[in-house]
Enquirer: 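Just dropping this structure here.
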2 protein chains.
Amino acid sequence: MTGLRERTKRAVRAEVVEVARRLFAERGFDETTVDDIVQAAGMSKRSFFRYFAVKEDVVLGEIDFMGERIAAEIAARPAGEDAWTGLHTVLRTWEQRIDDERQALERLRLIESSPSLRARYHQKRDETREQIARAVAARPGLDPFTADLLTAAAGAALDCVARAWARSDGRADRLALVDRAFALFAPTRAGR
Amino acid sequence: MTGLRERTKRAVRAEVVEVARRLFAERGFDETTVDDIVQAAGMSKRSFFRYFAVKEDVVLGEIDFMGERIAAEIAARPAGEDAWTGLHTVLRTWEQRIDDERQALERLRLIESSPSLRARYHQKRDETREQIARAVAARPGLDPFTADLLTAAAGAALDCVARAWARSDGRADRLALVDRAFALFAPTRAGR
DNA sequence: GACATTTGTGGCATCGAATGCCACTTTTAG
DNA sequence: CTAAAAGTGGCATTCGATGCCACAAATGTC
């Protein structure tokens, strides 16, 4: 049982994230240095970079394993289902799982406010897209190009939904927007 | 006539790009430092950063004004045309304008090889997308959300085409791929 | 053609992110 | 209880990027 170690690690990480979140909200992401964060969190800079590969991961760390999990859910869809519907269904449930909407909105705004954060966000999103694309391509009757197209379009749709939602200050119905986006591109003969 | 100044500036810039291109091809982008480049080009580091805001722009500098021009072409489409067809037509001609395919392929590969290049590439692509989206949203009968969706999907489609083309070592017919991609998502009632 | 103004250049110092290295402490497992 | 494994902090260093300043070149004017 490797209990204590794991637990303290998680706790420390969560605390740093929280401390940093507050600093970012006050001064902005780029204006907050890693030195500021580690000083406020009472830890050394060297240790900070053991918890977070890059500064941006303080904000984006949670995204890391989403790709694998979504890919698994895609792979688990019924065999006869077309890929577009599968993507719609799976990604819809992920949108549904967002619990703290205030925090999600705050994070979206923060990401939009900093070029480096946006860059790293896109990078992670891209890795996620590739993982999902592989799962989609594994479905029968789909060539890699079409699989890539469907996945990329789905990802683009979610980006648009996030932007529209942020523009509405979180008042818009995210799920309705997702449905509208997927309906708009519903390919007549896609995914088969 | 502010001739000489402008011309030498262009010439210097072009030369740096060429020198750097060779270094990147030999050692890779991340493994080549700015010091390496300026030494090979015979210029100071300080001046380098007057020509290029960031190191990545040595590779991606040409992308800068594409957004405005594409947006202008979108705005100039016939009034009755639906937005998806307009995007297809305009972006198709841009794909057609790629003259040096070898170099385009080499650059694509370079971008894919370096995380920081990919990041900066995405960033610029995102700005371009926003410019185009504004032009699309200005078309009659389109709400901003739909305009954003169509633009983002078109951008995603072009990304897929570029990836597929790179996978085929430049042998695939890029224009045919573009047409396939746009046909796949041809929204029955979109853009009107 | 001499002159002041504008524009570009190089060198230097500095900042911030990130990494390698090493000595030291704590946890875990036998 | 002890040896191995894992985590921490401090230090030096690398690299990209920016501010500052003195100096050189080009431009436009008289």
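Per chain, numbering begins at 1; letters A, B, ... match sequence-line order.
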Enquirer: Which part of the nucleic acid does Ser116(A) contact within heavy-atom distance under 4.0 Å: base, sugar-phosphate only, or nothing?
Expert: nothing
Enquirer: Do the side chain of Arg50(A) and the base of dG9(D) come within less than 3.5 angstrom through a donor-acceptor pair of N or O atoms?
Expert: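 Donor-acceptor pair under 3.5 Å: yes.
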Enquirer: dG9(D) phosphate, OP1 or OP2: any side-chain N/O from Ser47(A) under 4.0 angstrom?
Expert: yes
Enquirer: How close or far is atom P of dC15(C) from atom NZ of Lys45(A), stated in whole angstroms?
Expert: 12 Å
Enquirer: For Arg46(A) and dT25(C), what is the distance between atoms CZ and C1' respectively, to the nearest whole Å?
Expert: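 Whole-Å distance recorded here is 17 Å.
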Enquirer: Between the side chains of Glu73(B) and Arg97(B), is the shortest nitrogen-to-carboxylate-oxygen separation below 4.0 Å, so that they form an ion pair?
Expert: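 Answer for the salt bridge query: yes.
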Enquirer: CG of Asp30(B) versus P of dA18(C): gap in Å, rounded?
Expert: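 Result: 13 Å.
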Enquirer: Rounded off to whole Å, could you give me the CZ-to-P distance for the Arg120(B) and dA17(D) pair?
Expert: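 Distance check: Arg120(B) CZ to dA17(D) P gives 9 Å.
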Enquirer: Take the protein atom CZ of Phe49(B) and the nucleotide atom C1' of dG10(C), then report the distance between them rounded to whole Å.
Expert: 14 Å
Enquirer: Specify the residue among Thr32(A) and Phe48(B) whose closest nucleotide of DNA chain C lies further upstream toward the 5′ end.
Expert: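 With Thr32(A) and Phe48(B) compared, the 5'-side residue is Phe48(B).
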Enquirer: How would you label the contact of Phe52(A) with the nucleic acid (heavy atoms, under 4.0 Å): base, sugar-phosphate, or nothing?
Expert: nothing
Enquirer: Among dG9(D), dA17(D), dA17(C), which nucleotide has an atom closest to any side-chain atom of Thr33(A)?
Expert: dA17(C)
Enquirer: Between Arg7(A) (CZ) and dG7(D) (P), how many Å, whole number?
Expert: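 One finds 15 Å between P of dG7(D) and CZ of Arg7(A), rounded.
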Enquirer: Indicate yes or no: does Glu62(A) engage Arg107(A) in a salt bridge with an N to O separation below 4.0 Å.
Expert: yes
Enquirer: Just the rounded figure in Å: distance from C1' of dT7(C) to NZ of Lys9(B).
Expert: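 In whole Å, dT7(C) C1' and Lys9(B) NZ are 9 Å from each other.
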Enquirer: Can you confirm whether the side chains of Thr33(A) and Asp36(A) place a donor and an acceptor under 3.5 Å from each other?
Expert: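 Yes, Asp36(A) and Thr33(A) have a side-chain donor paired with an acceptor closer than 3.5 Å.
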Enquirer: Could you report the tightest heavy-atom contact between Val54(B) and Phe49(B), atom names first, then the distance?
Expert: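 Val54(B) and Phe49(B) have their closest heavy atoms at CA-CE2, 4.5 Å.
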Enquirer: Under 4.0 Å between a side-chain N or O of Tyr51(A) and OP1 or OP2 of dG7(D)?
Expert: no
Enquirer: Separation of Leu117(B) atom CG from dC15(D) atom P, in whole Å?
Expert: 17 Å
Enquirer: Does atom CZ of Arg10(B) have more than 12 heavy-atom neighbours from other groups under 6.0 Å away?
Expert: no
